[in-house]
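Here is the structure we will look at, set down as structure tokens.
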Amino acid sequence: MEYKVDTSNVSWWFWALTLVGIIAALGGWPNGYVAVMAISALHAAFYLLKEKSASAFPTQIRLVYFAATLFGLWPEVRFFVYLVLLVGTFMVTFVGRCSVAAMLKHMPWNQHRELRLN
């Protein structure tokens, strides 16, 4: 496994801050869930403005991820969902692999689209 840390990329910082928020939330800070949702919403908005389209592949990734963070509002499942988000966010932050992107590339509307994380 090769680590890919790109501190010059603003998206990397969004992922890194999200990862810190998830760790804090799972570590017992209840406001961490809200922080993760807020950072994810900002990340999605950033890509909506950057790509000028909700259908752009990088924007789709952020929107799906943000939707997953909303499980933080449901106390009965948030711990388990955020455990999955922890693993996925660690992978995108430090390895450059994104499970949401891997899933989205198989969707019918993405069959002829340029697939990229950033």
Side-chain angles (χ1 to χ4, degrees):
M1 176 168 58
E2 180 181 328
Y3 289 103
K4 296 182 181 191
V5 174
D6 184 5
T7 58
S8 65
N9 184 334
V10 68
S11 188
W12 183 89
W13 285 103
F14 273 115
W15 291 122
L17 288 172
T18 302
L19 184 61
V20 169
I22 292 170
I23 292 168
L26 292 175
W29 185 49
N31 290 336
Y33 296 107
V34 175
V36 169
M37 289 179 244
I39 294 166
S40 296
L42 287 173
H43 199 183
F46 176 81
Y47 267 86
L48 275 169
L49 292 172
K50 179 181 176 185
E51 299 290 333
K52 298 176 180 50
S53 171
S55 68
F57 194 70
T59 308
Q60 288 180 48
I61 294 167
R62 276 64 180 192
L63 291 172
V64 169
Y65 188 92
F66 170 63
T69 68
L70 295 178
F71 278 99
L73 298 171
W74 188 6
E76 292 80 14
V77 300
R78 73 174 150 210
F79 184 81
F80 301 105
V81 171
Y82 272 63
L83 277 177
V84 172
L85 289 175
L86 175 68
V87 172
T89 308
F90 177 85
M91 291 297 291
V92 76
T93 305
F94 294 110
V95 183
R97 301 281 185 226
C98 181
S99 56
V100 174
M103 176 196 65
L104 283 173
K105 77 178 185 178
H106 296 292
M107 296 295 128
W109 58 86
N110 288 325
Q111 294 302 311
H112 302 290
R113 181 182 302 277
E114 176 189 3
L115 306 178
R116 56 193 170 87
L117 186 57
N118 293 314

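Note that these values count all heavy atoms, side chains included, but never hydrogens, waters or copies made by symmetry.
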- prompt: Is there a side-chain contact between Tyr82 and Thr69, using heavy atoms and a 4.5 Å cut-off?
  reply: yes
Smallest heavy-atom separation, Gly32 atom then Ala25 atom, equals C-CB, 3.7 Å
Taken to the nearest 0.5 Å, the spacing of Ile23 CD1 from Trp29 CH2 works out to 13.0 Å
| message | Would you say CZ of Phe14 has more than 12 non-hydrogen atoms from neighbouring residues, nucleotides or ligands within 6.0 angstrom? | response | yes
Strictly distance-based, threshold 3.5 Å: is any side-chain N or O of Gln60 a donor or acceptor partner for the main-chain N or O of Ala54? no
| How about Leu83 and Val87: do any of their side-chain heavy atoms sit closer than 4.5 Å? | no
Exactly one of Leu19, Leu26, Ile22 clears side chain to side chain contact (heavy atoms under 4.5 Å, CB included) with Leu85, and that residue is Ile22
message = Using side-chain heavy atoms (C-beta onward) and a distance below 4.5 Å, is His43 in contact with Ser11?
response = yes
d(Met103 CE, Ile61 CD1) to nearest 0.5 Å is 9.5 Å
State, with a plain yes or no, whether a side-chain heavy atom of Phe94 is found less than 4.5 Å away from one of Trp12. yes
inquiry  = I want to check something: taking the side chain as every heavy atom from C-beta on, are Ser40 and Thr18 in contact at a cut-off of under 4.5 Å?
reply    = yes
_Is there a path of hydrophobic side-chain contacts, each under 4.5 Å between heavy atoms, that joins Val81 and Val92?_
yes
What one should report as the nearest heavy-atom pair of Glu51 and Pro58 is OE2-CG, 4.0 Å
**Asked** Quick one: does Phe57's side chain get under 4.5 Å of Lys105's, heavy atoms only?
**Response** yes
inquiry  = Do Val84 and Trp74 land in one hydrophobic cluster if side-chain heavy atoms of ILVMFWY residues count as linked below 4.5 Å?
reply    = no
Original post:
Does a side-chain heavy-atom distance below 4.5 Å link Met91 with Ser99?
Top reply: no
**Asked** Same cluster for Val36 and Val77 if Ile/Leu/Val/Met/Phe/Trp/Tyr side chains link at under 4.5 Å?
**Response** yes
State, with a plain yes or no, whether a side-chain heavy atom of Arg78 is found less than 4.5 Å away from one of Leu73. no
Value for CG (Leu17) from OG1 (Thr89), rounded to nearest 0.5 Å, stands at 12.0 Å
> Are Leu49 and Phe66 joined in one hydrophobic group, where the rule is that I, L, V, M, F, W and Y side chains link up if heavy atoms are under 4.5 Å apart?
Replying inline: no
From the list Phe90, Tyr65, Phe46, ring pair (Phe, Tyr, Trp, His ring centres under 6.0 Å) partner of Trp15 resolves to Tyr65
- Query: What about Val20 and Trp13, same hydrophobic cluster or not, with Ile/Leu/Val/Met/Phe/Trp/Tyr joined at side-chain heavy-atom distances under 4.5 Å?
  - Reply: no
Closest non-hydrogen atoms of Leu63 and Ala44, given as atom of the first, atom of the second and distance, are CD2-CB, 3.9 Å
